[in-house]
Amino acid sequence: MEDYNELIQQRFKKLAEIRESGIKPYAGKFDATTSAQALNDGHQAASKEDLEKNRVTVSIAGRIVALRSFGKACFAHVQDGSGRIQLYFQKNTLGEEAFFLFKKLDIGDFIGVKGFLFRTRTNELTIEVESFVLLSKSLRPLPEKWHGLTDVEIRYRQRYVDLIVNPEVKNVFVMRTRIVQAMRTFLNSRGFLEVETPMMQSIPGGATARPFKTHHNALGMDLYLRIAPELYLKRLLVGGFERVYEINRNFRNEGISTRHNPEFTMLEFYMAYADYRDLIAMTEEMISSIATDVLGATEIEYEGQKISLAAPWKKVTYLDSLREAGVPEEVLSDADKAREYAKKAGATLKGGEPLGKLLNEVFEAKVEPNLIQPTFVTDYPTDISPLSKRRDDDPRFVERFELFVMGREMANAFSELNDPVDQKERFQKQVAEREAGDEEAHQMDEDFIRALEYGMPPAAGEGIGIDRLVMLLTGSSSIRDVILFPQMKKEK
RNA sequence: GGGCCGUUAGCUCAGCUGGUAGAGCAGCUGACUCUUAAUCAGCGGGUCGGAGGUUCGAUCCCUCCACGGCUCACCA
């Protein structure tokens, strides 16, 4: 931490003076009768004369965010959890002693005030303060009032300051909470049960990604932070839960970018006796209803582009999406031609990739960036979908879709593979890829196979990246703007 | 991890060709009882991200390092 500068030292001095005068600079509770927003909303229609005729006495607590001082009077704004309201302090009203303490206050201090409402000459609803208490002395200066705080490093590292001075930042996080609430309401109303499954797993499964490793001392065993809850949620299907979901953190030991944070939040839900087609309809309904709940609209703008979340959304099969992007037919079924084509498209290949993986390189380069309006891409190659059920008509493809908006993957869903023999073979294939050097390939999970051998009902499951959904709905271009405390390097 | 860019007062930013740093806000002192970017007068505040190097002299040029941003790779 840096040394205390002159401004901070001045405030420590004021703190000492306040203590010397027998006043507690860090008080206990304060009973506010109202909030800034309640006052502004509730007295919108009250005229200057109304307020003079029928005096409204209020008490409110908050942080001083602006001070405009005259000799024997002062205007201030306090900010509470709901908004801001102006205060007016007069020496005549407060008395000598209280006015002396008032002079020791700084921007940033928390105070509780009692007073009555009036309107100023400029008609701003204001509290004339009759008495006040210092609730908490602030020792550090807040950023200036014109430009506020824009340094992104300070904004992320000291999010508390960002939240104090940038109301739109706070609003994004309020919206995030509302989005998640709307999601829970949607799922709960359809009979889904929210559950919690292990964050620490001895075999990190359910996704292709590199995990964080940790160690349990008493058990003497390595554990991994989960990369997905999928395999545990499916064990619950085996156990008889028919509709379950989990909204929680996943951890992936990979690069950090404007779209990736090492810990991020996913919704995963599983629905017995359904297939991926049911989830297409449900996803359209869920996301458009969340948008309506939270934004009051299904038309949004993201990074200058208008996006319509009104159902129905475009659907295209994986192969057709490649065809539409101009990929020649022979590339779609020939691994050698696909390899050549993927290379030309700029993919970095290690060699030995199966056709599905090669096609996916092409897909990511040629198709994904152009999926601006919500689009379901269906029927993925089996090679890159080790947990999905095969299509009856063509086992090279699975019953799976991904949802793309703004060229980004928003959801991934499939009919769950419930054939233990097929699942075991797929794991074995993954293990082989792992042994061939693919660190992200699945490991064998014997217990999961055992669970499937007891019998898992046919089911469909889906994952939706909450952070990315929040980005979309709040117009945020960086994932760090929708995560309160994004991961940063250690401060020096 | 690679490439590009950035880091100057508490905050937001200037700083020319290399000659040891400025503004606004915030702060302090004083004036001021309806301001809201309050106003007026005065004052203080800097390891110019860090360490080396070049130079008579470095905020400025070079090297390395740290942190951040964008981007590519990896991925969701």
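Sequence lines set the chain letters: A, B, ... in the order given, protein chains first and strands last, and positions in each chain run from 1. We use all heavy atoms of the structure for the numbers below, so side chains are in, but hydrogens, waters and symmetry mates are not. As the structure is a prediction and not an experimental result, all values here were calculated from the model.
- The distance from atom CG of Asn92(A) to atom P of C34(B) is 12 Å, rounded to the nearest whole Å.
- Relative to the ring axis of Phe173(A), Arg176(A) does not place its NZ or CZ within 45° and under 6.0 Å from the centre.
- Residue contacts for Asn261(A): at a heavy-atom cut-off of 4.0 Å it reaches a base atom on one of the strands shown.
- In this structure, Phe70(A) forms no aromatic stack with the base of C32(B), since the conditions of centre separation below 5.5 Å and plane angle below 30° are not both met.
- Below the 3.5 angstrom threshold, one finds a donor paired with an acceptor across the side chain of Gln86(A) and the base of U35(B).
- Ile154(A) comes within 4.0 angstrom of sugar-phosphate atoms only, judged by non-hydrogen atoms across all strands, and of no base.
- Counting non-hydrogen atoms under 4.0 angstrom, Arg157(A) reaches the backbone sugars and phosphates but no base.
- Between Arg408(A) atom CZ and A76(B) atom P the separation is 15 Å, expressed in whole Å.
- At a threshold of 4.0 angstrom between heavy atoms, the contacts of Lys490(A) are confined to the sugar-phosphate backbone, with no base atom among them.
- Nucleotides C60(B) and G6(B) are separated by 15 Å at their C1' atoms, to the nearest Å.
- Taking only side-chain atoms of Glu254(A), from C-beta outward, the nucleotide of U33(B), G45(B), A76(B) with the closest atom is A76(B).
- Put simply, CZ on Arg155(A) is 11 Å from P on G69(B), counting in whole angstrom units.
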